[in-house]
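One is the number of the first residue; the rest follow in order along the sequence. Here the structure is a predicted model, which means the values were calculated and not measured.
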Amino acid sequence: MTAPVATAAGRPALGAGPLAFALLLALAGLGYLLFPDNLALLTRLIAIAFLVLSLDLVTGYCGVATLGHAALYGAGAYAAGIASARYGIEDPLAMTGIGLLGGALAGLICGVVILRAHGLPQLVLSIALVYLFHEFANKASGWTGGSDGLSGVTTGPLFGRFEFDLYGHTAYLYAVGLLLLTLIILRLLVRSPFGMLCRGIKEDPVRIQAMGASPKVALVKMYVISGAVAGIGGALNAISTQVVALDSLSFTQSAEALVMLVLGGTGSLFGALVGTVVFTLFEDFVSAANPFHWLTVVGLLLIATVLFAPKGLYGTAADWIARRRARP
């Protein structure tokens, strides 16, 4: 196993090297083999993982409080969906790029507004923005389909050869490839001088400003990058389901993303993935087993995690392994 790497919180990150990516690829292959009839759920899980990763960039690494991150995800979904349904763009790579740009633009707008405040007012601004995005999409029904959702989204074959079949094989493999590529880029980003600057802003923005850097400019840049990542997830959702609903811009989506991030552990890319996988699969299995009381079970899981693993499942496991390795 590779040596742990220190995260923003000062704890080691489990397998932050090639082994972690190999493990992720192995798990993706295992999911493909074990759940051949449920690849749609796994593809949706990966799309949500992009949203949680993007939230981790601004909350876990920069310390920005937000409950409106679904605005970025939904902007990417609608951008890709409108490009297909209204302008006939069917290439999945082009739709993904358009979703990325839509999310980045939404990230720029949200970043400029949200970063004008701090603390609780910042949280309120993020909630207000996601409601404004939701209401705008609802009223612009000629473009977005309103409450009925945007239909007519069609996806052409990937690279001109691989069709998006009803079983979701191509969509799932495309999602896995996107996720691995994005993780590699984000890992380089958070380890770069810019990533270290953002971590410093989270810890002590006054000192960073005294050193001559502009915390607000850096945070706006990170918000744009975060929007691009969330936009990829939204575009992936539009490509795989071929419909875009208002739920992608809902406050509930934002709140669930924050819950997934806390569950896995903030300030760690792999922690965001762990939280997404555990919450999504747990929610799916428990709701199927007990459709009347599944929310109670999910609530108990979250309470237990916060009380007994306050650094999240991934962060707590990383600390435990670090302590074991530190013993003589």
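Using a 4.5 Å cut-off between side-chain heavy atoms of Ile, Leu, Val, Met, Phe, Trp and Tyr, with links allowed through other members, Val112 and Leu101 fall into the same hydrophobic cluster. Hydrophobic clustering of Ile, Leu, Val, Met, Phe, Trp and Tyr side chains at less than 4.5 Å, counting indirect connections, unites Phe279 with Phe35.
By the neighbour-count criterion of 12 heavy atoms within 6.0 Å, atom CZ of Phe136 is sparsely surrounded, having that number or fewer from other residues, nucleotides or ligands. Counted within 6.0 Å of CZ on Arg116, heavy atoms from surrounding residues, nucleotides or ligands total 12 or fewer; the atom is thus considered open.
Residues forming a salt bridge (charged side-chain N to carboxylate O under 4.0 Å, His left out) with Glu135 (at least two apart in sequence, or on another chain): Lys139. Evaluation of the side chain to side chain contact (heavy atoms under 4.5 Å, CB included) rule for Ala213 yields Leu197, Ile208 as partners, not counting sequence neighbours. Listed by chain and residue number, Thr96 satisfy the side-chain hydrogen bond (donor to acceptor under 3.5 Å, both in side chains) test with Tyr174 (two or more places apart in sequence, or in another chain). Remark: His169 engages Asp165 in a side-chain hydrogen bond (donor to acceptor under 3.5 Å, both in side chains) (not counting sequence neighbours).
You'll find the side chain of Thr170 stays beyond 4.5 Å of the side chain of Glu163, heavy atoms only. Put simply, the side chain of Ser147 reaches to within 4.5 Å of the side chain of Asn138, judged on heavy atoms. Between Gln122 and Leu115 there is a side-chain heavy-atom pair separated by less than 4.5 Å. Side-chain contact between Val217 and Lys221 is present, with at least one heavy-atom pair separated by less than 4.5 Å.
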Below 3.5 Å, can you tabulate the donor-acceptor pairs from side chains in residues 44-55 to any protein atom, sequence neighbours excluded?
unit_1 : atom_1 : unit_2 : atom_2 : d
Ser54  : OG     : Phe50  : O      : 3.4
Ser54  : OG     : Leu51  : O      : 2.6
Ser54  : OG     : His69  : NE2    : 3.4

Can you give each donor-acceptor pair under 3.5 Å made by side-chain atoms of residues 236-245, sequence neighbours left out, with the distance rounded to 0.1 Å?
unit_1 : atom_1 : unit_2 : atom_2 : d
Ser240 : OG     : Leu236 : O      : 3.0
Ser240 : OG     : Asn237 : O      : 3.2
Thr241 : OG1    : Asn237 : O      : 2.6
Thr241 : OG1    : Val243 : O      : 3.0

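Under the side chain to side chain contact (heavy atoms under 4.5 Å, CB included) rule, Ile114 has a single partner from Leu129, Val124, Ile109, which is Leu129.
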